[in-house]
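So you know, we letter chains A, B, ... as the sequences are listed, proteins then strands, and number each from 1. Please read these numbers as outputs of a predicted model, since none were measured by experiment.
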There are 4 protein chains.
Amino acid sequence: MVRIKQIEREQVLEQTKTRLFQAAAQEFARAGYSDANINMISTNAGFAKGTIYNYFPSKRALLLALIDTSAKQHFNFIVDRVGVIPDPRKRMEMFYQAGFDYVSQNLAAARVMFNTINGPDVTLKAHIFEVYQPLFQFVADQILNLGIEQGVFEQVDTASMALLLMTIYLGTASQLDLDGRPWLDPNQIVDLVLNGLQKKEATSGDHD
Amino acid sequence: MVRIKQIEREQVLEQTKTRLFQAAAQEFARAGYSDANINMISTNAGFAKGTIYNYFPSKRALLLALIDTSAKQHFNFIVDRVGVIPDPRKRMEMFYQAGFDYVSQNLAAARVMFNTINGPDVTLKAHIFEVYQPLFQFVADQILNLGIEQGVFEQVDTASMALLLMTIYLGTASQLDLDGRPWLDPNQIVDLVLNGLQKKEATSGDHD
Amino acid sequence: MVRIKQIEREQVLEQTKTRLFQAAAQEFARAGYSDANINMISTNAGFAKGTIYNYFPSKRALLLALIDTSAKQHFNFIVDRVGVIPDPRKRMEMFYQAGFDYVSQNLAAARVMFNTINGPDVTLKAHIFEVYQPLFQFVADQILNLGIEQGVFEQVDTASMALLLMTIYLGTASQLDLDGRPWLDPNQIVDLVLNGLQKKEATSGDHD
Amino acid sequence: MVRIKQIEREQVLEQTKTRLFQAAAQEFARAGYSDANINMISTNAGFAKGTIYNYFPSKRALLLALIDTSAKQHFNFIVDRVGVIPDPRKRMEMFYQAGFDYVSQNLAAARVMFNTINGPDVTLKAHIFEVYQPLFQFVADQILNLGIEQGVFEQVDTASMALLLMTIYLGTASQLDLDGRPWLDPNQIVDLVLNGLQKKEATSGDHD
DNA sequence: TATGAATGAGAGTTCATTCAT
DNA sequence: AATGAATGAACTCTCATTCAT
């Protein structure tokens, strides 16, 4: 009985945190970190203004926790969809498609991430790169390297190419109109990228 | 005589504005719009905090003026270098190289632009796209279309492809380390993009 | 049976209050009344923040109860040691020695008292003087008056001199270094005071 | 002309600081450091709440500046009156009298000093002792040592005795009723102290 | 009796902007 | 045109207290 109550309480706490994260994502997305209003986050989450500090010691800690949580979801969302596909080219295609899907399904969280990664605070930016390391690795190993091994992608340095592909993803997926619809077509990006990576037969395609 | 004084006065005014823009770029780049400190801008520009309001009616107006000025310089910098080259593929190469060069030579202004375009304020974001229209047009007409006409680029929709290429430029060129050095190699981007755009001979390059 | 349980319960309650007083003394001594943290007191006493309100209706009530308890202990500590000595001069000596000993053995509680008596809250200050009345009386009657009756102290107004001697005690004993060691030597104080009170033989000791 | 305006402006600034110090002294005396209300200080000084931060970077900095200023005035007040007197015993008498006079003429500042020196913040306490060093030195050199050299005071360690006499001064002068009148008579203190310090003729004054 | 999540008034501090000089 | 003292709204964060469990 006591055990059950304990578990129930923890569940309620978890739910409360989730509500907080949602409200925080909305507010950080709306206004950016500096102009985000802690009071408004609390209120939108259904609390009094002080309550937020029972969960996070500061506005910044809240943002960091939100980023960490979002990054994990982002990673899982993409990997779950990409990982089940055998063909490396299709994997690449799915990487961008799933990525764009994640953004449209998690608009607020995605916007917070995009804002933060391009914002002026270098510490936050570094933090984001840290938590996105697994996704970098995944692109390098499970997409690029797979394709190179199978001879469908050119021999490229997987690390730097993964960085470029991720940057293209982040740069393109972050361009949204007011309703959160992307300006760019993921298929177009995929075309460009797959053409760019495609293994040339015997001919040399140098441009210099 | 009066005429000369008039001209002198205007020159001083211009110089003052330039100093203001430099200081503003530094500060906006350092801290972002919200956390930028008007007082610090004034001081770094070499005068008292109130003086700034003799030149711009508000912090926001200063930012907008800075963006407009920077965008023109950005445009000229790139077009001056790209426009003199005949070959479309070389033009594309120079577009990215000049773009990266502009960033490293105008770090603060470039950072302000990157921060703003990815920041939460949609009005500012829209403003940036407005002032960058000429560059969009230039990429579409003077690089892409030129290459298509000459048969070196695939038949693509120049408008949407220009948007994609610009987005890739903005996304990649904005990734800088603390010292302002880019993380990504423009040559690698150029390779990918030129491969991606390259006209396929007779074969079909479908991936579906 | 019921009786025994009743007694047990009261003992537990007493122990809990003692733990609370210790934690409260530490915290009030560390930070002063205003900055003392009720939550920290609860935690250090070994229970949750709300529990404290089952024992005391407010932070202030806790401080007052602590002061009352401490004052009684302070009084008993001194009187137990002074009362058994017959000679008035030795009594005076023991008063300061025991007083300093009490401070070093009850650092936290003593500090709370010193802070409060010198603090800005006049109500609290008045309360302290009230609870220290017995000690004032003791100094006046059982030390000063005894010495006057035995002809070893000058004829002085016992009430005002007791106030002065107590003030000197409070003023000197409250000066402690960070480790709680007194800066001043009680013997030096005793010397000064005993010399000062000493009955002059036949000569007149006027100073004007 | 410009020079004069410059001077005028500095005078106004000085006056403003003085007003601020007065208001701050009142408020710190009323409520102690922690409960002192910055807003109330500003208002009582005749400002809006933010203005105070044009003069001092924080509440604490304001307190420290106030203490420094007060300590200098306190020192000058006493030294001006004591220094002109030749006789060491009269000097001692004047030390306590002038000290008590200073308190009644500068109630708020004195209260702030007393509260702070006995308050829980050890850093502040240390700061006070630092700024009161000159007065310690004065008592040791210009009162005690003078008396010893002239053979009117017992041979005592001037440093520790000065500390004791200062502590007695601070302890006794800080006991004021609500209207700021001292509870203790400085003459009584002087009597005790002078008797205590008086050189014994040929007899031995041991008490052990 | 014990718990600790929730409350919300209130604190110190910041800073874009104003305006008399 | 230049100054910088003054303004005050708005912000983040603290914490004594309450109360449902």
Take A:Phe47 and A:Ile41 through the side chain to side chain contact (heavy atoms under 4.5 Å, CB included) test and state the conclusion after the steps. CA-CA 9 Å; A:Phe47 294 124; A:Ile41 295 177; over 6 Å; no
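- Contacts of residues 53-61 of chain B with DNA chain E (heavy atom under 4.0 Å): B:Tyr53, B:Ser58, B:Lys59.
- Distance CD (D:Gln15) to P (F:dA5): 15 Å, rounded to an integer number of Å.
- Between D:Tyr55 and D:Leu13 there is a side-chain heavy-atom pair separated by less than 4.5 Å.
- Applying the side chain to side chain contact (heavy atoms under 4.5 Å, CB included) test to B:Asn54 and every residue at least two apart in sequence or in another chain returns B:Thr51.
- Every pair tested for side-chain hydrogen bond (donor to acceptor under 3.5 Å, both in side chains) that includes a residue from residues 106-117 of chain D fails, sequence neighbours excluded, so the list is empty.
- Taking a 4.0 Å limit (strictly below) on heavy-atom distances, residues 22-42 of chain B reaches DNA chain E at B:Ala36, B:Asn37, B:Ile38, B:Asn39.
- Atom CZ of A:Arg19 is separated from atom P of E:dA5 by 14 Å (rounded to the nearest Å).
- Atom NZ in C:Lys49 sits about 10 Å away from atom C1' in F:dT17, given to the nearest Å.
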Side-chain atoms of residues 62-73 of chain B: list all donor-acceptor pairs with protein atoms under 3.5 Å, sequence neighbours left out, distances to 0.1 Å.
from    : atom 1 : to       : atom 2 : distance (Å)
B:Asp68 : OD1    : B:His127 : NE2    : 2.7
B:Thr69 : OG1    : B:Ala65  : O      : 3.0
B:Ser70 : OG     : B:Leu66  : O      : 2.8

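- The side-chain hydrogen bond (donor to acceptor under 3.5 Å, both in side chains) pairs that include a residue from residues 22-37 of chain A are A:Glu27-A:Arg30, A:Ser34-B:Asp35, A:Asp35-B:Ser34, where partners are two or more places apart or lie in different chains.
- Under the side chain to side chain contact (heavy atoms under 4.5 Å, CB included) criterion, D:Ser58 pairs with D:Arg60, D:Ala61, not counting sequence neighbours.
- If you measure from atom CG of A:Leu13 to atom P of F:dT21, you get 15 Å, rounded to the nearest angstrom.
- Every residue two or more places apart in sequence or in another chain that forms a ring-ring contact (aromatic ring centres under 6.0 Å, His included) with D:Phe129 is listed here: C:Trp183, D:Phe136.
- The residue among B:Gly50 and A:Thr16 whose nearest nucleotide of DNA chain E lies closer to the 5′ end is A:Thr16.
- In this structure B:Lys49 satisfies the side chain to side chain contact (heavy atoms under 4.5 Å, CB included) test together with B:Asn39, B:Ser42, sequence neighbours excluded.
- The side chain to side chain contact (heavy atoms under 4.5 Å, CB included) test applied to B:Tyr53 returns B:Ile38, not counting sequence neighbours.
- Atom CD1 in B:Ile52 sits about 10 Å away from atom C1' in E:dA16, given to the nearest Å.
- Residues satisfying the ring-ring contact (aromatic ring centres under 6.0 Å, His included) test with D:Phe56, not counting sequence neighbours, are D:Phe21.
- Distances shorter than 4.0 Å separate none of the side-chain N or O atoms of C:Thr51 from OP1 or OP2 on E:dT1.
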Let me check I have this right: for DNA chain E, each base becomes ., (, ), [, ] or |, based on Watson-Crick or G-U pairs with both distances under 3.5 Å. What is the full string? .||||||||||||||||||||
